[in-house]
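What you see is a predicted model, and the numbers here were worked out from it, not measured in a lab.
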Number of protein chains: 2
Amino acid sequence: MATGRTHRPATRSRGIPEATVARLPLYLRALTALSERSVPTVSSEELAAAAGVNSAKLRKDFSYLGSYGTRGVGYDVEYLVYQISRELGLTQDWPVVIVGIGNLGAALANYGGFASRGFRVAALIDADPAMAGKPVAGIPVQHTDDLEQIIEDNGVSIGVIATPAGAAQQVCDRLVAAGVTSILNFAPTVLSVPDGVDVRKVDLSIELQILAFHEQRKAGEEATPDGAGPAAVTRRESTDQGPDGDVPAVMPA
Amino acid sequence: MATGRTHRPATRSRGIPEATVARLPLYLRALTALSERSVPTVSSEELAAAAGVNSAKLRKDFSYLGSYGTRGVGYDVEYLVYQISRELGLTQDWPVVIVGIGNLGAALANYGGFASRGFRVAALIDADPAMAGKPVAGIPVQHTDDLEQIIEDNGVSIGVIATPAGAAQQVCDRLVAAGVTSILNFAPTVLSVPDGVDVRKVDLSIELQILAFHEQRKAGEEATPDGAGPAAVTRRESTDQGPDGDVPAVMPA
DNA sequence: CGTTGTGAACGTCTTCACAGCA
DNA sequence: TGCTGTGAAGACGTTCACAACG
């Protein structure tokens, strides 16, 4: 099968690096918090600390968007919020459907972080006839039979899959056939999609496994080799979690 | 704020690259599926397809673990499952606590992917007194007041935070003070932790925002510039989601 | 002969360090 | 003077392509 490059073959020098795109939501969140506290301007140093990255990286990231700062001063908070929102496409309304309303699907339906970012849960879909009509997060669950109609009626282009692994590919195929071109997959399966469709995956157990790997290493160091030891009290604001590997990462923000 | 290097300063040539570590769980999942179908051996090409990566990358990844394949034949499925499990530290039992038993916390408690990978939900903790004693996923919820005692009694070193954003840092501080050294954070906040503590974050709305970015670009291309057009029917198994910026990486230390 | 394991080339991301500007 | 914006250097990750070997 194809390699699964991360989007745009390589062409287009006008493109914003993927690594930068993945951090924009982080900056946006920090900026929104500053905006709510009515902070007018912020330096790259301050904003970087709030977002959990270093300032050089942040300035480099912003340089891909344009020159939105003022030397000697910093960035205008409101203006940056707008520019990043626009770049991310959050100034428009994105109707999304969530398929698979189990524990996770229900949690996603109730998640406030979606609505606050221009995402609107247009419909909840489940294969269990007993669920049909029941309201979850104030939205009545609809049956899988109507999936195609729902996608079309609501002009949905983003779908969230929260079904068991066994149903994911089938649901994915139907979503894509109905016109969905972006999928957020919570099922522990590799989805196969046609070119032009983006998939991001979030796998809860993968994250834990990565933590276990590092945890295991720590245990093997007991008596710390170097001076300081594990009791050093410096604080980090680390957000970096390194490369993903592919999905990598959905990381929800 | 600190730089947030991806772990181990740079020392140790014996280290496995973070990008590789992040993919090991993917390989493990694919191998487990093969194992259940009693497939004895698999080639890098086949396994790569099942895991959604390309075969060169897979072989390179495995080369960091050792020479576990047989030229002309492929890899022994059972043997690889064992080696990867060991490398990830999954041959031991990891008791974890989940703090914040709302919709998401409950979904995590019910998530089967944990138990099947050596992770044991040792306790569920919530700040709401009304929740205390109520069973979720068969485990009685305990009150936050007992957090330190619970961590100690169960020898917990991995904690999952599924609280609202406002409570996350405080919970994090208490977990760390009680001895937790790895944290999986679902709250949309940048956690500040001492050196030696790993944090990985999963942010649901960030993933959607990244999808929205690409979705927006697609819309701006309507009439495809190049020959093929968006209707090309080749299938990908794409898993790549590019760099995270956050998710993907543990980082800390 | 087929497939692994890997050096080398290449591309991407991060960090440094400082020129340029308000 | 202070902070942004960025070229250049370096670290890291991916892909190529083929020698090595069962």
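Annotation: B:Q92, atom CD; neighbour count of heavy atoms from other residues, nucleotides and ligands within 6.0 Å is above 12.
Checked against D:dT4, C:dT14, C:dA8, the side chain of A:A19 finds its nearest nucleotide in C:dT14. Residue B:S67 has its side chain nearest to C:dG5 when only C:dC13, C:dT14, C:dG5 are considered. The side chain of A:R59 sits closest to D:dG5 out of D:dG5, C:dT15, C:dC13. For B:Y75, taking side-chain heavy atoms from C-beta onward, the closest of the listed nucleotides C:dG5, D:dG22, D:dG5 is C:dG5. Checked against D:dG22, D:dT14, C:dC13, the side chain of A:P17 finds its nearest nucleotide in C:dC13. Minimum atom distance to the side chain of A:A56 is reached by C:dC16, of the listed C:dT3, C:dC16, D:dT14. Distance from the side chain of A:E18 is smallest for C:dC13 among the nucleotides D:dG7, D:dG5, C:dC13.
Between the C1' atom of D:dT15 and the CG atom of B:D61 lies a distance of 12 Å, rounded to the nearest Å. Rounded to whole Å, the distance from OH on A:Y64 to P on C:dT12 is 11 Å. Rounded to an integer number of Å, the gap from A:L47 CG to D:dC3 C1' is 14 Å. Taking atom CD on B:E45 and atom C1' on C:dT4, their separation rounds to 12 Å, with Å as the unit. Taking atom CG on A:L58 and atom C1' on C:dT15, their separation rounds to 14 Å, with Å as the unit. Between B:E46 atom CD and C:dG2 atom C1' the separation is 12 Å, expressed in whole Å. Rounded to an integer number of Å, the gap from NZ of A:K60 to P of D:dG5 is 12 Å. Here the C1' atom of nucleotide C:dT4 and the CZ atom of B:F62 are 12 Å apart, to the nearest Å.
Note on B:K57: a side-chain N or O is less than 4.0 Å away from OP1 or OP2 of D:dT15. Between D:dT4 and A:S44, a contact under 4.0 Å exists linking OP1 or OP2 to a side-chain N or O. Within the 4.0 Å cut-off from OP1 or OP2 of C:dT15, at least one side-chain nitrogen or oxygen of A:N54 is found.
No side-chain donor from either of A:S182 and A:D198 sits under 3.5 Å from a side-chain acceptor of the other. Judged purely by distance below 3.5 Å, without hydrogens or angles, the side chains of A:S35 and A:E78 pair a donor atom with an acceptor atom.
Aromatic rings of A:Y79 and A:Y68 (six-membered ring for Trp) have centroids within the 6.0 Å cut-off, being under it.
Checked for salt-bridge contact, A:E45 and A:R59 miss the test: no charged N lies under 4.0 Å from a carboxylate O.
Two residues, B:R71 and A:V73, neighbour DNA chain C, and the one matched to the more 5' nucleotide by heavy-atom proximity is B:R71.
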